[in-house]
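In this chain, numbering begins with 1 at the start of the sequence shown.
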Amino acid sequence: MFKRWGILLVASILLVACTKKEEGQEVNPVEEIIDEIVEEVEVPVEGAVLPYTSPFTGVASEKELTQRPVLVTINNHPLARPQSGIANADVIYEMLAEGSVTRFLALYQSEIPEKVGPVRSARDYFVNIAKGLDAFYIAHGYSPDAQKMLNAGVVDHINGMQYDGILFERSRERKAPHNSYITEENIIAGAEKVGASMEISKLPRFSFFESVEGVKIGNPVSNFSVHYGSGSAFENEYTYIPDEGTYERETAGVLTVDKETDKAIKIANIICMEMPHKVIDSSGRLQLSLDGGGRAYIFQAGIMKEIEWENIDGMLMPMENGVPAKLVPGQTWISFIPTNPGLEKMITYLP
């Protein structure tokens, strides 16, 4: 690149000198001619450092990312797969709803995809996570406890129970309750409708490596699985792809892809946080202890480490030796693991 621009610069100097000589003007010294040309020619710089960083992914950006986080409850029932918009999420939280069925909370701050879903109902601990993130929360439906919290204005939100067919759209490809979707346009319109600010006001304390090469300490683990329940429907397997520095994910043996692109999602960090779960009603609804902190595993760059997690000002943070554990830039997947049976029994891994 430099050689090519050097040749162009010399050619420009000669052209300017010859032109001025023909016009009878005194030819400036070379330094003055160079100054004239440099003022007019902007030379691109290779490897330039971008001035901003995404607060939730650590990925460099040309512009400051000031959008408020949007948190969407996404259906993970087998009939709801593959989901739309999950490849664009900065962070995805996976946790149990009832029984062995998990749901996702997809966080969007770097960008909002054109289409997200299927959107599913809220639980009280989903609302608490949204509150801790100061996120604009989106769900379709709610448990009794979640409904009370939403009605009380614990978080800014819109819900498909009030806006079905208005902001939320039903897909004809699937049957309810696995067919509710929302678009980027309607997310913004929904925030305006309820008077919610879309400017970020609370930044996470995530810490990032400069690149995947920064991860050096830990146990080499190229493949591992997180097993919710006794069947295979919610058995998630993660495989590290060294050439890409990311993980691919399979559930029940099927590659996790984004429905809108049919491409595999790429995960930079997987964090498994262990916490107490308690069944609280006859429907199997749960209470999760989000405040106390606990043990955790982190998988990144083909390395596994045992760390901790803490609730810091409402945000669930991976911690190592008392400070936020560094993450590889990119998407982070956070799985909540019940203390009973625990990390050792629900997670298996191979070197």
Side-chain angles (χ1 to χ4, degrees), residues 53-59 61 64-74 85-86 88-97 102-113 116 119-140 142-143 145-146 149-150 152-159 182 184 187-188 190-191 194-208 267-273 275 288-294 296 298 309-319 324-325 327 329-336:
T53 302
S54 166
F56 287 93
T57 68
V59 175
S61 172
E64 187 176 8
L65 301 172
T66 61
Q67 178 182 272
R68 183 183 189 178
V70 174
L71 192 71
V72 185
T73 299
I74 295 185
I86 57 174
N88 306 85
D90 293 353
V91 181
I92 292 184
Y93 301 84
E94 181 173 11
M95 65 202 74
L96 290 166
T102 68
R103 288 188 185 164
F104 302 157
L105 294 179
L107 184 148
Y108 302 97
Q109 194 274 329
S110 300
E111 62 172 320
I112 301 176
V116 183
V119 184
R120 201 64 171 91
S121 58
R123 297 293 177 267
D124 57 336
Y125 44 99
F126 300 177
V127 178
N128 281 327
I129 292 169
K131 179 183 178 182
L133 294 162
D134 189 34
F136 182 58
Y137 179 53
I138 297 171
H140 193 143
Y142 27 63
S143 66
D145 287 341
M149 295 175 73
L150 295 174
V154 171
V155 293
D156 291 334
H157 73 281
I158 54 174
N159 196 286
I182 191 165
E184 176 186 13
I187 289 173
I188 302 302
V194 299
S197 170
M198 289 302 283
E199 288 291 317
I200 190 169
S201 62
K202 184 177 182 180
L203 293 172
R205 300 184 187 180
F206 289 140
S207 177
F208 296 93
I267 308 170
N269 312 277
I270 301 99
I271 305 167
C272 300
M273 297 180 175
M275 62 189 65
L288 272 61
S289 299
L290 300 176
D291 296 330
I298 186 169
W309 69 271
E310 294 181 15
N311 185 318
I312 300 179
D313 192 24
M315 292 192 186
L316 308 185
M317 296 291 299
M319 304 293 290
L327 304 177
Q331 184 183 86
T332 294
W333 198 286
I334 299 177
S335 293
F336 292 175

Got a sec, which residues hit side-chain contact (heavy atoms from CB on, under 4.5 Å) with [X], two or more places apart in sequence or on another chain?
{"X": "P329", "value": "V59"}
{"X": "A325", "value": "I307, P318, E320"}
{"X": "A89", "value": "I92, A106, Y108, Q331"}
{"X": "S61", "value": "Y52, K63, L65"}

Go through the structure and list residues passing side chain to side chain donor-acceptor pair (under 3.5 Å) with [X], not counting sequence neighbours.
{"X": "N269", "answer": "Q300, T332"}
{"X": "S143", "answer": "none"}
{"X": "R68", "answer": "D134, D156"}
{"X": "R120", "answer": "none"}

Let me see the working for F206 and D90 under side-chain contact (heavy atoms from CB on, under 4.5 Å), right down to the final yes or no. CA-CA 12 Å; F206 289 140; D90 293 353; over 6 Å; no
Test item: side-chain donor near acceptor, S121 and R123, under 3.5 Å: yes
Side chain of [X], backbone of [Y]: donor and acceptor closer than 3.5 Å?
{"X": "Q109", "Y": "Q67", "answer": "yes"}
{"X": "K202", "Y": "G132", "answer": "yes"}
{"X": "N88", "Y": "P113", "answer": "no"}

Which residues share a ring-ring contact (aromatic ring centres under 6.0 Å, His included) with F104, sequence neighbours left out: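 Scan of F104 (ring-ring contact (aromatic ring centres under 6.0 Å, His included), adjacent residues dropped) gives W333.
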H140: ring-ring contact (aromatic ring centres under 6.0 Å, His included) partners, not counting sequence neighbours: F168
Could you tell me whether the side chain of I312 reaches within less than 4.5 Å of the side chain of M319, counting heavy atoms only? yes
Residues that K131 engages under salt bridge (charged side-chain N to carboxylate O under 4.0 Å, His left out), provided they are two or more places apart: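 With neighbours one apart ignored, the set is empty.
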How long is the span from the CD1 atom in I334 to the OH atom in Y93, to the nearest 0.5 Å?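 Taking CD1 in I334 and OH in Y93, the distance rounds to 4.5 Å.
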Kindly indicate, with the supporting measurements, whether the criterion side-chain contact (heavy atoms from CB on, under 4.5 Å) is fulfilled by Y142 and F126. CA-CA 10 Å; Y142 27 63; F126 300 177; over 6 Å; no
